[in-house]
Every structure is written in structure tokens, then in C-alpha cells.
There are 2 protein chains.
Amino acid sequence: MAVCVNCRHHGLCVHRVAIFSPLSAEESHRVAELIVHKEYHKGDFIMTEGEQLSRLVIVQEGQVKAFRSTADGREQILYIFSSGDFFGEKNLLRNQPASYSVQALVDTCLCMISRSDFQQLLRAHPEIGMKIMEELCRRLERLETAVESLGARDGDARVSSVLLEFAERYGEEHPRGVLVRLPLSRQGIADYVGLTRETVSRKLSSLQAEGVVELIGNKKLLIIDKTALEMGSSQD
Amino acid sequence: MAVCVNCRHHGLCVHRVAIFSPLSAEESHRVAELIVHKEYHKGDFIMTEGEQLSRLVIVQEGQVKAFRSTADGREQILYIFSSGDFFGEKNLLRNQPASYSVQALVDTCLCMISRSDFQQLLRAHPEIGMKIMEELCRRLERLETAVESLGARDGDARVSSVLLEFAERYGEEHPRGVLVRLPLSRQGIADYVGLTRETVSRKLSSLQAEGVVELIGNKKLLIIDKTALEMGSSQD
DNA sequence: CGAAGAGTTGATACACCTCAAGTCTTGTGG
DNA sequence: CCACAAGACTTGAGGTGTATCAACTCTTCG
């Protein structure tokens, strides 16, 4: 694992991260000194449930999934972290082992700050604490929505709303709708919305048959009738 | 709604709340001056999804449920807040409308601090911010577990784990096991674990038939074989 | 004591899972 | 650049757990 190529080419990774926005230019440079870079390949594990982590990890480039494994071999995906997102804060703030595993979805470059540097930074800049709090609140709200989805909505609604979520985060304009590059495989989507691979496949096929979406290979999808998805995602 | 009787009888409610523990005795008294008390009866709504709240709310005495309502009339309970817990922080930190409704499960006394007083307090005592962050992390972890439960475990496992959760929080020693005062009705438990009233009832009956628990009326339950629940909660 | 609400139990329906076969996609080496 | 193999995805048939609907019982409280 070499030093991150991106950081050398594209300037300081510190600038990509919202929680460090309160820092001045000079301070950013000083923080950049504290950062360790690491590259991972698609499929590599970055951390494992139960592990005692001692760094804050920031996604510089790429995409990772955070998930829990159940006794019977299923996975439940909790978060998808992309460029600018961070994780490991729980371990630093409460000195607790990781509550989920993290695995690279594509080749990924990460930035890491040691516990002591992070805590010093927090003390020196309380506004960073505020930024982190805001992010934790955003994350709480996402999980609240996930709980509502998994607990009170049927499969169709869950698939519709995950497509809308992906469109929001990874979609781009297209003459006939919104083109979405899916961050997850069918199995991954299934692990995210609490269904099986086969069921997700069927739901997507019927959305296509209804003319709501168009499947483009396995990694892309075109949303033609966004309104239909919005109707469907809030359950009939 | 009169001034809270409990606060007058039992001293300052500020002392019950972990996030204010960094305050000195003198400061606690000053904070107590800022607090408004309100009483609610069982069933009263304390806040409603979408509402723009302008106070931090602390549960002084009693119990409330936080939940979301779906279009088809189902409810998904997200949290049960008891004495010492707080809510509304999301609205104050990010200036966002409430993402859930809150309703009193029993007669309840609440303490409220205005947005501006709270923000002043946060600025003056960054350690309070740290305490809040810790609590947010705890809440995140609870929701992560809930997502795993709802997404990847079957009904039996969910009922077993909710019983263990209640035992942890509301259980008391008993010669034959752990006696649990249930904070929720059957419908409430169903809304918490994503099942229906009838299914919860059946699961509880069969746990009783297996000798794992003993139902005592509708509001109490004796856990006889805790190990069996622990086995069952992690799925077979 | 009676009525209303909460809980239980049974019968049936249906959504999703499981298992299995087949197809499409992707990446690799000749 | 094509051929092939491995992996990912799709589709079908059948089984299962949970929802639904309905009748009934228990609890609570005026």
C-alpha cells in the first residue's frame, strides 16, 4: 500500500472533507501533515466488526460499504461511504470496538488520522465538533428512515426508495430521465434493503416492464418515471 | 399544564441528565432557571413529525415513544425515551423540522430549554457538546442494531431481542428470573419490531409454551430462561 | 356490573424465500 | 480479437412465515 497518488495530484485531501472546513489554509496544511494515506483494492476489508480501531478514517477517493454480518451468513449494509465521508468516530469518541465491518466496493484511497491527533484537533477547534455533530445527526436521520423502511414498508416500496436514494447521490441528468450508476450489485442492494438477490431482481424487472426504469447492463439504470417511484416508495 | 411537581419535590431535574454533568453546582442552578417544565398525560402528543421545534426537550419523569407514521397507517417506533433522555437536538443543531412524532406512553413531566439558551450553554461548555456526541453515537449504534434486526432477522429473533432489551432497561431481579415491566402494549411492541399485534401475541404465547417466559397480565412478563432468548435472538 | 379496549387464537391469503436451471456479462489468455 | 470460464443476474416452481380477517376472551375502569 503506497502513498495515495490522488493526494499528490489533486492537492490536499483535507479540503474534500466537510468536517475540516472550519480550518484556515495554514491549519489545513498542518493537519495534512498528520494524515496517513492508504490504498485498498475492490473487495479489501478496511475494518472488521469488533476490531479496536485507533484512527479516524476519511474516504478520499472511491466507495466503501459498512455492514454487519448475522449468525446465519446474511449481511445487512448500514452505510455507503463515498469521497468526503468518514467513519471510526464511534471508536474514538467512546473508546468502543467497531460495530460494523467496512469493505471497499471499488479501488479506494483512504486518509487516516490517529486518535491523539484527532482529539487534539477537536480540543483546539470546537467548531469541528459541531461539524461532526451535524454529520452524526444526518446519519441518525438516514438510519431512522432505514428503520421505517425495513419495519413498515413492503419490498416494492423499499426498492423504489433505494433507487431514489441512489438517484439523489449518484444520478446524472440524461435526456430521457436520470441515469444512475449503481454502487451495489443486486446482492448488495438486497443486503441494503433486507430482501434477497432474486427478489430485488424481480422487482427491478417489473419496474422495467411497467416502463418506470430501464436497466442498462448490471451497473447502470435509467429512471424514466421518477414520479412513479416516488408514489411507490411511500407505499401505494 | 402546571409547573412540574417532581422538580419541586426532588430537587433540580438538571441533575438527572447526563449531558449536564460537566456543570458545577452553581452553574446547574443557573441552568435550572432557564428551564420550563410541562406535564403531559398518557397519550398526549409532545411533538409531531414535520413540526419546527425550538427547544431541547428532556424527559424528567415518565416515558415517551418517538415514531414515524407511514402512508398506510402503520407506525414505526424509533426510540423509547425515559427519565434523563433528551430529544429535539436535531432541530436545534441543524435547524430542521422534527423527523418523528413523540407521544407520552404514561403521564410524563418534561423539561425544556430554548434554542438560544441551549446554544449559549454549548458555546460556554464544549464538554456538553462532547456528552451530546457520545449520546448521539449510542443512539446510532442502537439504530444500527435495529436496522440489522429488521433487515436480516426473522420474527422470532426480533421478539427475543426486544425482550432482552426491555429486560436490560426495565427489568428487576426476581427469585425465578427477571421481571420486566413492559413499556409498550402488544401493538406497541409490534410497531417497534416491525410485526403485527397478532404475530407478537403468537410469538409470546409460544415462548411461554416453551417455558422461556411467563406472561403476567398484559403489562408484565417474567423471563425464566434468559439463555434461550439470547440463543434465539441471534437467529438459531 | 357492564362496556370498551386490549389481547388471543384460528383459518386463509399472499409476499417473499429457497432451490434450481438457465442466460448474460465480464475478464482473461490464446 | 475471439473463445472460454467464472461470476453475476434472471426466471420459474414450490414452500413458508407473516399479514389479514374474524371470532372470541380477558382486562380495566367507570
Side-chain angles (χ1 to χ4, degrees), chain A residues 41-43 65 70 72-76 105-107 149-160 162-163 180-210 213-221 232 235-236, chain B residues 41-43 65 70-76 105-107 149-160 162-163 181-210 213-221 232 235-236:
Chain A
H41 291 294
K42 178 176 175 173
K65 65 172 177 180
T70 62
D72 59 332
R74 299 177 67 120
E75 283 183 8
Q76 177 62 45
L105 289 170
V106 294
D107 291 354
S149 229
L150 294 167
R153 296 195 193 151
D154 65 23
D156 298 276
R158 284 186 251 167
V159 170
S160 292
V162 79
L163 292 184
V180 184
R181 216 193 120 64
L182 298 170
L184 297 172
S185 65
R186 297 291 186 271
Q187 180 69 60
I189 297 173
D191 292 342
Y192 194 50
V193 301
L195 298 169
T196 59
R197 182 171 28 109
E198 294 94 330
T199 301
V200 169
S201 188
R202 278 184 252 266
K203 304 284 186 202
L204 289 177
S205 295
S206 57
L207 282 174
Q208 173 158 340
E210 293 162 20
V213 304
E214 194 171 295
L215 302 173
I216 304 168
N218 294 329
K219 301 217 177 73
K220 284 189 208 159
L221 165 154
Q235 199 116 351
D236 309 335
Chain B
H41 291 295
K42 179 174 175 176
K65 66 172 177 179
T70 62
D72 59 331
R74 296 176 71 118
E75 283 182 10
Q76 178 62 46
L105 289 169
V106 294
D107 291 352
S149 230
L150 294 168
R153 296 195 193 150
D154 64 22
D156 298 276
R158 284 185 251 166
V159 170
S160 292
V162 79
L163 292 183
R181 218 194 117 64
L182 299 170
L184 297 172
S185 64
R186 296 293 186 272
Q187 179 69 59
I189 296 172
D191 292 342
Y192 194 51
V193 301
L195 298 169
T196 58
R197 180 171 31 109
E198 293 95 329
T199 302
V200 169
S201 188
R202 279 185 252 266
K203 304 284 185 203
L204 289 177
S205 295
S206 57
L207 283 175
Q208 176 159 31
E210 292 161 20
V213 305
E214 194 170 297
L215 301 173
I216 304 168
N218 294 329
K219 302 219 176 71
K220 284 190 209 157
L221 165 156
Q235 200 115 352
D236 307 336

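Protein chains get the first letters and strands the later ones, always in sequence-line order, with residue 1 at the start of each.
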Approximate separation, where rounding is to 0.5 Å, of B:S160 OG and B:D154 CG
9.0 Å

Rounded off to whole Å, could you give me the CZ-to-C1' distance for the A:R158 and C:dC17 pair?
13 Å

Only counting residues at least two apart or in another chain, list the ones meeting side chain to side chain contact (heavy atoms under 4.5 Å, CB included) with B:E198.
B:T196, B:R202

Judged by atom type as modelled, is there a donor-acceptor pair below 3.5 Å linking the side chain of B:S185 to the main-chain atoms of B:G188?
yes

Once you round it to whole Å, what is the distance between P of D:dT28 and CD1 of B:I216?
13 Å

Could you state the NZ-P distance from B:K42 to C:dG5, rounded to the nearest angstrom?
13 Å

What pairs of donor and acceptor atoms, side-chain ones from residues 214-221 of chain B against any protein atom, are under 3.5 angstrom apart with sequence neighbours left out?
unit_1 : atom_1 : unit_2 : atom_2 : d
B:E214 : OE1    : B:R176 : NH2    : 2.6

Between C1' on C:dT9 and NZ on B:K203, what's the gap in Å once rounded to a whole number?
14 Å

Rounding to an integer number of Å, can you tell me how far A:R153 CZ sits from C:dA15 C1'?
18 Å

Qualifying residues under side chain to side chain contact (heavy atoms under 4.5 Å, CB included), relative to A:K203, sequence neighbours excluded
A:D156, A:V159, A:T199

Just the atom pairs and distances: protein N or O near nucleotides 6-12 of chain D's N or O, under 3.5 Å.
unit_1 : atom_1 : unit_2 : atom_2 : d
D:dC9  : OP1    : A:R186 : N      : 3.3
D:dC9  : OP2    : A:R186 : N      : 3.4
D:dT10 : OP1    : A:R186 : NH2    : 3.2
D:dT10 : OP2    : A:R186 : NE     : 2.7
D:dT10 : OP2    : A:S201 : OG     : 2.6
D:dT10 : O5'    : A:S201 : OG     : 3.0
D:dT11 : OP2    : A:S205 : OG     : 2.7
D:dG12 : N7     : A:R202 : NH1    : 2.8
D:dG12 : O6     : A:R202 : NH2    : 3.3

Non-neighbouring partners of A:D107 that pass salt bridge (Lys or Arg N to Asp or Glu O under 4.0 Å), sequence neighbours left out:
none

Write down the distance between CG (B:L150) and P (D:dT18), rounded to a whole number of angstrom.
13 Å

Tell me the closest heavy-atom pair linking A:E75 and A:K65, and the distance in Å.
OE1-NZ, 3.2 Å

Value in whole Å for how far the C1' atom of D:dT18 lies from CZ of B:R74
10 Å

To the nearest 0.5 Å, how far apart are CG in B:D191 and CG in B:L184?
8.5 Å

Not counting sequence neighbours, which residues clear side-chain hydrogen bond (donor to acceptor under 3.5 Å, both in side chains) with A:R197? List them please.
A:Q187

Rounded distance in Å - NZ (A:K220) to P (C:dT25):
13 Å

Rounded (10°) bend between the five-pair end axes of the helix from C:dC1-D:dG30 to C:dG30-D:dC1
40°

